[in-house]
Amino acid sequence: MRDVKPIAPPAPAPGAANDSAPVLETHRFQFTGSGKEYFRIWIVGLFLSVATLGVYSAWAKVRRLQYFDRNTKLAGAVFDFDGKPVAILRGRALAAALLGVYYFAFGVSLAAGIAVVAGVLLALPSMMRASLRFRLRNTRYRGLRFSFGGTRGSFATYLTPVLMFLLPALLLAGDPSGRAVAMVFLMWPLIHVGTKRHQHQNLAFGSSASTFNVPRRRFYDPYFKAISMGILAIMAAGLVALAVTLIVHLPFGTSAGAFASLTPAFVGLASAYLIYLLAGPYLQVRIANLAWSATAFEGVTISSRLKARGFVKLQVTNSLLTLLSLGLYRPFAVVRAYRYRLDNITVSTAGRFEAAMAAIAHSQVIVGADGAAGSPASALPAKESK
Amino acid sequence: MTTASYFDGSSARMHPVDVDLTDGAIALAGGAVAKTYSYAQARLAEPFANADCVVEFADGARCEFSDPQARETLAARLGYRKSRLARLEQRWPAALLSLALLAGCAFSAVTWGLPYVADRVVASMPASADQRAGDQALKALHAQVFEPSRLSRERQAELQGIFNSVKPGKARMPLTLLLVTTDAETPNVLSMPNGTIVMTDEMVHDILARDTELSDSKRAALAGIFAHEIGHIEGRHAMRAIAHSSLQALGAAMLFGDFSGVVHRSPALVLNMDYSRQMETAADGYAIARMDQAALPVRPLADLLDSLDKLAPGESELPRWMNDNQSYLRSHPASAARSARLRNAGTKYGN
């Protein structure tokens with residue numbers, strides 16, 4: 001049914017489509033930017049951000065989004081971003097203030113600390129929503145703006161994952177066996193799909209609202225595999241540590257005690273890195289594929305076919321090179337990951353793409369300024385996260 | 001004359017148009033579109049190297065030019081001037097200069113900025129903060145590490161006497177000596193922000209060596225050790241070190257986005273106190289002055305440091321991460337420079 005043709009845009013528009021089944025027209029994204037060009041934008045922005053004690057970072061973010069959007073092309077038209085840096089600055093100032101209060105509140109008293117954490121948690125859902133709205137409303141394609149319509153469900157949908165971070169500690173206090181906690185974590189995929197559903201079914205491009213259609217249970221498989229990978233990583237790190245301890249201990253005897261005391265730290269660190277480099281990108285890819293392929297606009301379907309293996313390999317080399325270059329490789333890594341994502345997402349229409357576009361009009365939603373834009377908890381869809 | 005894609009701003013429909021830039025205006029023609037915009041109504045968006053050129057019109061419509069030739073013409077006709085920032089971003093020398101300046105900023109922030117801010121933060125905190133931090137740490141240590149000293153009552157009284165002899169008449173906060181022993185049986189002396197100086201039995205044993213009584217020079221060495229720790233407390237070194245490492249953790253968290261390390265650090269921090277070299281020097285300076293006031297010789301402290309160093313050769317130089325054994329020599333490296341300074345001071349004061 002979904003027949004992705006390996007062709008570059010524009011796809012041939014078949015003239016003799018007089019069948020009842022409309023012919024699918026499929027387009028790929030193109031990226032016209034380069035790592036070298038982005039490196040200069042990035043380094044100048046980073047320096048100015050540091051030199052202005054972070055104030056410029058809002059402008060740097062707008063330039064980054066502008067650069068990526070203006071260089072992203074789909075079916076002959078480019079994306080564009082025109083958000084106001086001041087809105088981002090306001091959001092960041094708020095986030096920094098909250099962070100500062102959070103950091104020192106526990107020094108004042110436990111009650112003050114808990115009060116601040118509760119306040120932040122309650123504010124977080126609306127901040128996440130504002131961030132998503134800001135990002136979408138200021139993104140344009142073919143002269144029309146995107147938007148995010150979710151209102152009523154927003155608070156509840158975002159509050160659940162936020163509460164998830166608190167709940168385990170509370171449950172553990174009540175039931176030290178940890179069974180209740182395990183139950184909560186089994187719910188996590190369901191909650192994640194809830195958040196994704198809320199985000200993806202409230203998108204709009206101009207007057208065209210999105211739909212999101214995927215059974216919840218399909219989110220369990222990626223989680224199951226990612227968690228298995230995590231467990232394997234911990235076991236592998238443990239085995240390596242055991243082998244090293246044995247090899248060091250046999251010839252040197254007790255003088256190797258210093259190494260032995262470092263073993264738990266090594267196992268923790270090594271497995272954390274393995275999970276970060278393998279299970280993390282794997283889960284990202286699988287969830288992004290599920291979520292984007294289930295998202296559709298009137299007459300327009302999206303197909304995300306990122307390869308987990310390829311993306312993991314890409315992110316491992318990216319991390320290694322970034323580390324070896326003391327961070328200087330980062331802009332190149334960002335461009336590579338972005339390009340990889342774009343290369344594996346296609347957009348299809350039943351019938352001619354232009355015909356579907358012509359049916360989409362300017363939306364009536366008034367474009368307003370958003371407060372907590374660019375807050376640290378940016379809940380952007382996978383495509384936009386850079 | 002070139003071609004472009006025109007979007008009217010009210011529909012997503014793409015209109016392929018021919019663009020004519022003569023006659024001081026932009027004329028668009030193609031299909032149902034026949035429009036003319038004056039140059040004043042048009043604005044060229046910043047042209048990125050390989051991206052399509054975008055011209056935005058006052059009425060919300062826009063044109064996208066995939067023809068790379070169009071860029072120069074449009075820029076010239078519409079009087080486009082690159083922003084200063086865009087010009088910086090397009091030049092490699094500017095990018096490399098940014099990189100160099102960035103490295104400079106990072107270096108100065110870590111070397112001078114952080115300690116300065118940490119000192120300011122501590123200066124603005126009331127003495128009660130020191131008291132609370134010390135009480136908390138001490139409580140945790142009592143629960144997990146410390147056991148009551150096993151020294152004889154006479155020896156304990158003798159040590160208290162030595163401690164009292166170097167205690168300044170007017171201290172920033174009440175100073176007390178706490179004698180303890182630990183499971184690890186490591187010789188060590190710690191100063192807590194609340195004015196408590198902790199000495200382990202093992203430290204006393206190490207100083208006694210094979211003797212059963214404390215000689216005058218050993219008493220003076222002990223007084224020197226106490227004076228040095230009092231110097232840490234008077235200079236609020238523990239608080240400054242905590243503030244410094246907390247700020248470091250906060251900075252790292254902001255850079256790398258990991259806050260897990262920031263929150264639960266403080267109790268372990270006091271035990272693993274990492275005073276800077278400047279703080280050690282300052283504490284030595286304080287000890288020298290204090291010992292002079294109390295008419296006690298400094299040289300025995302220098303001798304003691306040398307003999308301790310000989311007892312466990314290399315421990316002073318061992319990098320911290322190689323060894324988690326918290327001993328006196330590792331928290332107070334017995335460097336040759338340190339004992340030389342003490343010895344010099346001793347000569348100066350004639351004892």
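In the text below, chain A, chain B and the rest are named by the order of the sequence lines, each starting its count at 1. From a predicted model like this one, the values you see are computed outputs, not experimental measurements. Hydrogens, waters and symmetry mates play no part in the numbers below; they use all other heavy atoms, side chains included.
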Any chance you could lay out the side chain to side chain contact (heavy atoms under 4.5 Å, CB included) test for A/Val50 and B/Leu101, step after step, and finish with the verdict?
CA-CA 10 Å; A/Val50 167; B/Leu101 289 172; over 6 Å; no
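Heavy atoms of B/Leu97 lying under 4.5 Å from chain A are absent altogether. Proximity to chain B is limited to the side chain of A/Phe205, based on heavy atoms less than 4.5 angstrom apart. Contacts between A/Leu144 and chain B at a heavy-atom distance below 4.5 Å involve the side chain alone, from C-beta outward. Interface remark: B/Glu56 contributes side-chain atoms only to the contact with chain A (heavy atom separation under 4.5 Å). Looking at B/Ala109, neither its backbone nor its side chain comes within 4.5 Å of chain A, counting heavy atoms on both sides. Using a 4.5 Å cut-off between heavy atoms, A/Phe31 does not touch chain B at all.
With values rounded to the nearest 0.5 angstrom, B/Asp52 atom CG is found 9.0 Å from A/Asn71 atom CG. Here the OH atom belonging to A/Tyr38 is positioned 10.5 Å from the CD atom belonging to B/Glu89, to the nearest 0.5 angstrom. Put simply, CG on A/Leu46 and CG on B/Leu102 are 5.0 Å apart, with the number rounded to the nearest 0.5 Å. A distance of 10.5 Å separates OH of A/Tyr67 from CD of B/Glu46, quoted to the nearest 0.5 Å.
Between B/Phe7 and A/Ala77, the shortest heavy-atom distance links the atoms CZ-CB, 3.7 Å. Closest approach of B/Ser5 to A/Gly76, counting heavy atoms only: OG-O, 4.4 Å.
Side-chain contact between A/Arg40 and B/Leu88 is absent, with no heavy-atom pair separated by less than 4.5 Å. Between A/Arg142 and B/Arg62, every side-chain heavy-atom pair lies at or beyond the 4.5 Å cut-off.
Listed in order of number, the residues of residues 8-16 of chain B that approach chain A to under 4.5 Å between heavy atoms are B/Gly9, B/Ser10, B/Ser11, B/Ala12, B/Arg13, B/Met14.
With respect to chain B, the highest number of heavy-atom pairs below 4.5 Å among A/Asp80, A/Leu48, A/Ile41 belongs to A/Ile41.
Taking 4.0 Å as the cut-off between side-chain N and carboxylate O, B/Glu64 and A/Arg70 do not count as a salt-bridged pair.
A donor-acceptor pair under 3.5 Å is absent between the side-chain atoms of A/Glu37 and the main chain of B/Phe48, judged by distance alone.
Residues passing the side-chain hydrogen bond (donor to acceptor under 3.5 Å, both in side chains) test with B/Asp67, sequence neighbours excluded: B/Thr2.
Residue B/Arg91 qualifies as open at atom CZ: its count of foreign heavy atoms under 6.0 Å is 12 or below.
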